[in-house]
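In what follows, every heavy atom counts, from backbone to side chain, and hydrogens, waters and symmetry copies are set aside. On a predicted model such as this, the values are computed, not experimentally measured, just so you know.
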Amino acid sequence: MKQFAKRSLALAVAVILLVAMCLTNVGAAPSDTGYTKASDVVYKSFTEYSGSRTYAVSNGVINWGVRGEDCVFLSKYATAYYKGSNTFDSLSKLKGESGQTSSPSSALYSALQALMQNNFDHDYQQTRDMYKYTDCAANDTSKIMSFYSSNFFNAVWDSGATWNREHCWPDSKCLTSGRSQGDSADMMMLRPTLKSENGSRGNTAYGESGSYFEPADNVKGDCARIVLYGYVRWGNGAKMWGTSGVMENLTVLLKWMQEDPVDTWEMGRNDAVQSITGNRNVFVDYPEYAWLLFGKSAPKNMTTPSGEAKGGVTPGNQGGNTSTNTSTNTSTNTSTNTSTGNQGGNTTSNNSGTVNDGAQGGIDNKPQNSGKPFDPNNIGTQYGENDGQGSGLEPWAIIAIVAGAVVLVAGVVVVVIVIKKKKVK
């Protein structure tokens, strides 16, 4: 009887410890924020200076969102970004072009490129130092999220042993080159991934057919919005489509955009990157542009942060580029050989999307927000802590559940002992 009681108590202790470990798992995904409007968002700020390197970030903000929670509002940072001739009402009237090959010559393409291109001020080096702010969740900078699996891991850099930087737009398929500047250096397109996940993709184009890399459903929309950003911001039209590019075709891209809408994590990352570089991915804030850019009507009732798609959005018909911010390098030679998927680009199977090196130098050697179109200190944001998010249940709830488990197991042990005693008699 004594031996049975000891075993029962040991089992009870094991169950209690298991319950406690599960409830306090720091790697657990954060729950929904519950944010339904911009004023709900609790921002947490950061300042990052480097003594030996060449970057400095002041008044940055941390990613406040979580995965899988549809974003149904534009954040304060987004609202501050789209001013004057860059509002949706103005830009949506510009004409796109139908088909995969002709959109780089459109007025809308040029205007969107100018909007993103004029507000870009960082280089490749030390991007990994910013991931604890841009790719965390719910303001918890202790861990960052792997782009393809959404698994969390320690934010501390371990020289690539656990995680590295994934080029969503691989180096070998960039229109420009060089990691001090250029599309291969863009923080928008560089994401942290577990080493194994990064290597499994290599430089394969995204898509659904056998010769393409198909990410998990909850990240397909992210991939589509990232490559659209690279397509427009860097003028990568000639490197966009087919196996030699980065996306199978337009049909798959728009399908993914609709099936995997923007979540609060994407909006939070857009805010964090903007606070560092001054730049945003317009396709996260306004997915509607993806359809308008190719001369198509945005699907009605599609979930988007702006809500512009609720009543349906049709392509503009003014024609000509009416944007006042058209930059150089807008659409030159970007429409050649983009629709067949058989471009003569680099199709090697090396892991060009993988970066393991640990000696990259600074993000920004200029004053924070220098020449930027907004000042994050003047948009009415209240910075504050967001304690408890990202760590599972609140401490009181954990204590209550563990206590309940103790009482339950103890009760079972007592009942079993009583039954055993009766049988012995």
Side-chain angles (χ1 to χ4, degrees), residues 27 44-58 60-63 65 67 120-137 139-171 174 177-203 219 222-223 226 229-230 265-266 268-279 281 351-366 368 390:
K44 185 176 180 180
S45 62
F46 75 90
T47 297
E48 179 97 7
Y49 293 108
S50 170
S52 60
R53 295 173 181 140
T54 57
Y55 70 89
V57 177
S58 59
V61 296
I62 302 170
N63 191 334
R67 271 293 188 204
F120 183 87
D121 188 22
H122 81 276
D123 60 34
Y124 174 85
Q125 300 175 350
Q126 288 308 315
T127 297
R128 68 164 187 270
D129 289 352
M130 297 293 106
Y131 284 150
K132 60 180 173 287
Y133 307 121
T134 62
D135 289 76
C136 63
N139 286 324
D140 181 359
T141 59
S142 66
K143 53 188 179 293
I144 56 179
M145 185 173 62
S146 183
F147 178 62
Y148 290 128
S149 67
S150 299
N151 289 324
F152 285 91
F153 46 84
N154 196 314
V156 177
W157 175 247
D158 59 3
S159 300
T162 303
W163 60 274
N164 50 36
R165 285 153 292 187
E166 157 73 335
H167 287 77
C168 295
W169 196 298
D171 276 345
C174 290
S177 62
R179 288 177 178 171
S180 61
Q181 283 293 339
D183 43 356
S184 66
D186 196 332
M187 187 181 293
M188 284 290 186
M189 301 190 292
L190 285 171
R191 301 298 174 92
T193 57
L194 292 170
K195 189 175 180 179
S196 59
E197 297 170 4
N198 195 333
S200 67
R201 189 248 171 144
N203 69 347
V219 78
D222 302 61
C223 292
I226 290 169
Y229 168 90
W265 186 88
E266 279 187 273
R269 190 182 197 274
N270 230 12
D271 285 354
V273 172
Q274 184 188 3
S275 75
I276 298 168
T277 70
N279 198 31
N281 182 347
N351 276 350
S352 60
T354 304
V355 179
N356 293 314
D357 54 299
Q360 313 301 328
I363 278 185
D364 195 345
N365 57 6
K366 298 181 181 180
Q368 173 65 11

Evaluate the ring planes of W157 and W163, with Trp represented by its six-membered ring, and classify them as parallel (under 30°), tilted (30 to 60°) or perpendicular (over 60°).
perpendicular
side-chain contact (heavy atoms from CB on, under 4.5 Å) with L190: which of M130, R128, H167?
H167
Taking all heavy atoms of [X] and all of [Y], pick out the closest pair and write down the distance.
| X | Y | result |
| --- | --- | --- |
| N154 | V156 | OD1-N, 2.8 Å |
| F153 | P192 | CZ-CB, 4.3 Å |
| W169 | G230 | CZ3-C, 3.8 Å |
| S275 | G60 | OG-CA, 3.4 Å |
| L194 | S149 | CD1-OG, 4.3 Å |

Given side chains that start at C-beta, do those of I276 and T134 come closer than 4.5 Å, heavy atoms only?
yes
Is there a side-chain contact between F46 and T141 (heavy atoms, below 4.5 Å)?
no
By side-chain contact (heavy atoms from CB on, under 4.5 Å) - contacts of N270 (at least two apart)
M188, R280, N281, V284, D285
Output the distance between atom [atom1] ([X]) and atom [atom2] ([Y]), rounded to the nearest 0.5 Å.
| X | Y | atom1 | atom2 | value |
| --- | --- | --- | --- | --- |
| I144 | N151 | CD1 | CG | 12.0 Å |
| M145 | D140 | CE | CG | 12.0 Å |
| K132 | N63 | NZ | CG | 14.0 Å |

With no hydrogens and no angle check, is any side-chain donor or acceptor of [X] less than 3.5 Å from a backbone partner on [Y]?
| X | Y | answer |
| --- | --- | --- |
| R201 | C168 | yes |
| N198 | R165 | yes |
| W265 | C136 | yes |

Side-chain ion pair, R67 and D222, N-O less than 4.0 Å:
yes
Is there a side-chain contact (heavy atoms from CB on, under 4.5 Å) between S196 and Y148 once you walk through the steps?
CA-CA 11 Å; S196 59; Y148 290 128; over 6 Å; no
Residues which pass salt bridge (Lys or Arg N to Asp or Glu O under 4.0 Å) with R191, listed by chain and number, not counting sequence neighbours
none
